[in-house]
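Report on one structure; see the data block that follows.
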Protein chains: 2
Amino acid sequence: MKATSAISRHASQDRQASLISSAANLFAAKGFKGTTTKEIAKAAGVSEALVFKYFPTKRALYTAILAEKAPLSELLSAVEEFARKRDDHRVFTLIASYRIRPGADPTMLRLLLFSALEGHELADMFFGKQHRVFYDYLAGYIQTRIDEGAFHAIDPLLAAHAFIGMVVHHRLLHEIFDVPLHCSHKDIVSTYVELFLKGLQPSSTDKKRGLTRVR
Amino acid sequence: MKATSAISRHASQDRQASLISSAANLFAAKGFKGTTTKEIAKAAGVSEALVFKYFPTKRALYTAILAEKAPLSELLSAVEEFARKRDDHRVFTLIASYRIRPGADPTMLRLLLFSALEGHELADMFFGKQHRVFYDYLAGYIQTRIDEGAFHAIDPLLAAHAFIGMVVHHRLLHEIFDVPLHCSHKDIVSTYVELFLKGLQPSSTDKKRGLTRVR
DNA sequence: GTCCGGTAAGTGAGTGATTACTCACCCCAG
DNA sequence: CTGGGGTGAGTAATCACTCACTTACCGGAC
């Protein structure tokens, strides 16, 4: 009551943020169409009318969620450090451990999938502009290792897809389809990394021929 | 008009089937909540009221879609033939080529994902009872190859997840996220199969020790 | 202090459109 | 003339969104 002006000087921003996070959770849980503005308001503890004071439409609230989500930059810079050292295991372990964010946040995978399925622009913005960079980066790293002869000749983008596919699929099974993990996360990561790196080992014929197919 | 009674003696069954397929397409495209009964009726070329003559509720129509979808048995028996011959390449190529059905039908992946996200029982029935058998089968095959010393010691279920993950992820990117394929389907399959099989090759230490970890 | 006025935060009670679903009725083959 | 396939015109509920309105808070004028 008294300290209101000091503590919540930016009350409107707080409201906006809490609306966004409430909405993100609900959209992730039940989809855009499956979530009502009344529910969002209730979850944020305000009246439905107020939602429309902050966001002109339900859709605007939806797209606003985007701005809240962190980019991949932190992960990429961490990965780059190991990449510079040509430490394959660390590079891929790191990537697998981060489990191909959206933010390691379990709601983001659902949100992303819902967006893609429902055909919203969110999927394009999120996946197209942020996530796809990641695949390209990984493919680039694999390409340089191929050039160095550390990996055998393979389509690097396909290899990147394969690795991320293994990890993401596991996350998908676990988080979306409720398949229980039958071993620890650490075991999963190390098994996948080893399997993948072994699959990329240069074959004897490659070494002989010095083959490095470029895409 | 004239031959109606002869040709469509089972008019009601035809109607039912066309309603189911129309509904399946729409649910796959826009989700359960995103599809209206009016749209379904229009797509099937009947009045909205008729929909409710055949199915008591929208949800009943949804669950009825299940019965229409073929089980995995054909794929499994084809795979089993190669499995008996211990022809790893053929086994995995076949699996990858079938692209981990639902029926090679592109709508089924969307339908399955929507179901899982929206939390319908369809996901449980479809994935739980049909699809999961497939993972277990694959894991079983991998286990026997490990026992024979053809593959190195690895958690077989994890390996099965990894392989199917690679393929499904690719399908996901392509069909759900509209990522263009940058090489032919055949190339993708053979690359993935080779990568995977190479990753499973027994290491020299395994051979020496005759290691076959069982889960 | 206190009174004023302007402004932003917040709401209850709607609005028209859309939803899943119903019902009285029609049509026509047997 | 009867019964099943088929429909137009509803209905109550719910939806996203609006509006008239109250309350709370602020900086000054006196």
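Protein chains get the first letters and strands the later ones, always in sequence-line order, with residue 1 at the start of each. Nothing here was measured: the structure is a model prediction, and the numbers come from that model.
Ring geometry for H161(B) versus H169(A): interplanar angle over 60°, hence perpendicular rather than tilted (30 to 60°). The aromatic rings of F151(B) and Y141(B) sit perpendicular, their planes meeting at an angle over 60°, well past the 30° parallel limit.
Under a 3.5 Å cut-off, the side chain of E118(A) and the backbone N or O of F32(A) do form a donor-acceptor pair. Side-chain atoms of R110(A) come within 3.5 Å of backbone N or O of L117(B) as a donor-acceptor pair.
Here dC17(D) presents its C1' atom at 20 Å from OH of Y62(A), a figure rounded to the nearest Å. Across the protein-nucleic acid pair, L50(A) atom CG and dT11(C) atom P stand 6 Å apart, rounded to whole Å. Remark: C1' of dC26(C) and NZ of K53(B) are 11 Å apart, rounded to the nearest angstrom. Between the CZ atom of F55(A) and the P atom of dT18(D) there is a distance of 15 Å, rounded to whole Å. When the P atom of dC17(D) is taken as reference, atom CD1 of I40(A) falls 10 Å away, rounded to whole Å. Counting to the nearest Å, the P atom of dA16(D) and the NZ atom of K42(A) are 15 Å from each other. Whole-Å rounding puts the K58(B) NZ to dT18(C) C1' distance at 12 Å. Distance Y54(A) OH to dT11(C) P: 10 Å, rounded to the nearest Å.
Counting any heavy atom pair closer than 4.0 Å across all strands shown, V46(B) reaches sugar-phosphate atoms only and no base atom.
Projected onto DNA chain C by closest heavy-atom contact, E48(B) and E48(A) fall at different nucleotides, the more 5' of which corresponds to E48(A). Closest-nucleotide positions on DNA chain C for K33(A) and S47(A) were compared, and the one nearer the 5' end corresponds to S47(A).
Phosphate contact (OP1/OP2 of dA20(C), side-chain N/O of R59(B), threshold under 4.0 Å): absent.
Side chain of A49(B), nearest nucleotide from dT22(C), dC15(D), dT11(C): dT22(C).
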